[in-house]
Amino acid sequence: MPHKRMVIVGAGGFAREVRWLAQEVTAARSPAEGYDFVGYVVSDPAQAGPHDSPRETLGDLGWLAAHPDAWDVLALGIGNAAPRLKVAGELEQAWGPECWPALVHPSVKLDAQSCRLGHGVLLCAGVIGTVNLVFEPFAMVNLAVTIGHESVIGRAACLNPTVNISGGVTIGAGTLVGTGAQVLQYVEVGPGATVGAGAVVAKPVPAGVTVVGVPAKPLVRP
Ligand SMILES: CC(C)(COP(=O)(O)OP(=O)(O)OC[C@H]1O[C@@H](n2cnc3c(N)ncnc32)[C@H](O)[C@@H]1OP(=O)(O)O)[C@@H](O)C(=O)NCCC(=O)NCCS
């Protein structure tokens, strides 16, 4: 099978990490398989920030429809949960599941027989999961995350580096779990919630609520 040409949606730091993830996946396969990077596309090139990659940005999302013969597959290089969920929904209308390969770094350990990976899932280097895990489409699991038995990682949810998810946990769609946070066994974190970096979540988190601290409590803003 020849290499597939990949466009990455997003052009910031996480998009560059997804490019590297695809390179690592390619390097671990036979020489004929894998992905060739074409470039980045973004929602609005005029709003590109200082951390984006202007020279390799092809254009806005309309570039995909305007150049259908220039690419084969897509990867979602957006590392923040709310925009990841939104853009996934928008693009999936036009470009179905077959356009979004799951990318699993060769160092990832999990029980492939009992775990289910949706399209567009990203599992970064050093992730360790065990058994009966469900990764809904576009879920993103960053570096060195651990995930225990029967946990469900919701659609476009983002687990930032070194998060620990205990067994039986449910992470809702579009939820962000910050770096180094821990979610204890059988706790449910609702859709669109945010868990602050370093938090220890011992009780359910309602949809859309931000929690921080040890033990995690709702963030109270003045
Ligand atoms: C929880 C979080 C989403 C809040 O972000 P925010 O809404 O912009 O909040 P602010 O930065 O304005 O902080 C509000 C208050 O919460 C406190 N706070 C923020 N994050 C906190 C955290 N993780 N733990 C404890 N307190 C935190 C701030 O110190 C501030 O307290 P103050 O009002 O007494 O000064 C964010 O701080 C966070 O932890 N995000 C995850 C970041 C991450 O994982 N980065 C790695 C990327 S790879």
Side-chain angles (χ1 to χ4, degrees), residues 8-25 40 42-43 47-53 75-88 102-105 107-108 110 120-129 135-136 138-148 151-166 169-184 187-222:
I8 295 177
V9 180
F14 183 65
R16 292 189 287 279
E17 291 181 340
V18 172
R19 178 181 180 180
W20 176 72
L21 172 60
Q23 285 170 356
E24 290 277 285
V25 170
Y40 304 106
V42 297
S43 295
Q47 293 199 358
H51 304 302
D52 293 332
S53 302
L76 194 48
I78 298 172
N80 206 349
R84 186 172 177 83
L85 183 65
K86 178 169 178 284
V87 174
L103 297 177
V104 178
H105 191 275
S107 64
V108 170
L110 50 73
V121 164
L122 305 177
L123 302 185
C124 299
V127 169
I128 303 179
F135 298 89
E136 299 288 2
F138 301 103
M140 183 281 271
V141 184
N142 216 316
L143 305 169
V145 168
T146 64
I147 309 176
S151 287
V152 177
I153 312 303
R155 180 179 167 87
C158 294
L159 307 183
N160 280 351
T162 73
V163 160
N164 298 149
I165 303 291
S166 300
V169 164
T170 300
I171 303 292
T175 286
L176 173 74
V177 184
T179 296
Q182 305 186 34
V183 183
L184 303 188
V187 167
E188 189 166 341
V189 181
T194 300
V195 175
V200 175
V201 181
K203 293 185 176 160
V205 179
V209 168
T210 296
V211 296
V212 297
V214 181
K217 300 259 171 58
L219 176 60
V220 180
R221 297 173 198 276

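All ligand and atom numbering here is 1-based and tracks the order in the structure.
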Can you tell which part of [X] has a heavy atom less than 4.0 Å from ligand 1: side chain, backbone, both or neither?
X: N142; answer: neither
X: T179; answer: both
X: A199; answer: neither

As an exercise, identify every atom of ligand 1 less than 4.0 angstrom from a heavy atom of [X].
X: L219; value: 15 (C), 16 (O)
X: T194; value: 3 (C)
X: N160; value: 43 (C), 44 (O), 45 (N), 46 (C), 47 (C)
X: P161; value: 48 (S)
X: G196; value: 1 (C), 23 (N), 39 (O)
X: G178; value: 41 (C), 44 (O)

Less than 4.0 Å from [atom], is there any heavy atom belonging to the protein?
atom: atom 2 (C) of ligand 1; value: no
atom: atom 7 (O) of ligand 1; value: yes
atom: atom 30 (C) of ligand 1; value: no
atom: atom 13 (O) of ligand 1; value: no
atom: atom 46 (C) of ligand 1; value: yes
atom: atom 18 (N) of ligand 1; value: no
atom: atom 23 (N) of ligand 1; value: yes

Can you report which non-hydrogen protein atom sits closest to [atom], along with the distance?
atom: atom 10 (P) of ligand 1; answer: R221 NH1, 4.6 Å
atom: atom 33 (O) of ligand 1; answer: P222 CD, 4.6 Å
atom: atom 21 (C) of ligand 1; answer: V212 CG1, 3.9 Å
atom: atom 38 (C) of ligand 1; answer: A197 N, 3.9 Å

### Query
Which atom pair, heavy atoms only, marks the closest approach of L122 to L76?
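L122 and L76 have their closest heavy atoms at CD1-O, 3.5 Å.
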### Message
Check whether S166 reaches the backbone of V183 with its side chain - one donor and one acceptor, N or O, closer than 3.5 Å.
### Response
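Present.
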### side-chain contact (heavy atoms from CB on, under 4.5 Å), paired with I153, selected from T170, V177, I171
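Answer after filtering T170, V177, I171: I171.
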### ring pair (Phe, Tyr, Trp, His ring centres under 6.0 Å) involving Y40 - partner list, sequence neighbours excluded
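Checked Y40 against ring pair (Phe, Tyr, Trp, His ring centres under 6.0 Å); matches are F37.
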### Query
Do H51 and F14 have side chains that get closer than 4.5 Å, going by heavy atoms?
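When only atoms from C-beta onward are counted, F14 and H51 do not touch, as no gap falls below 4.5 Å.
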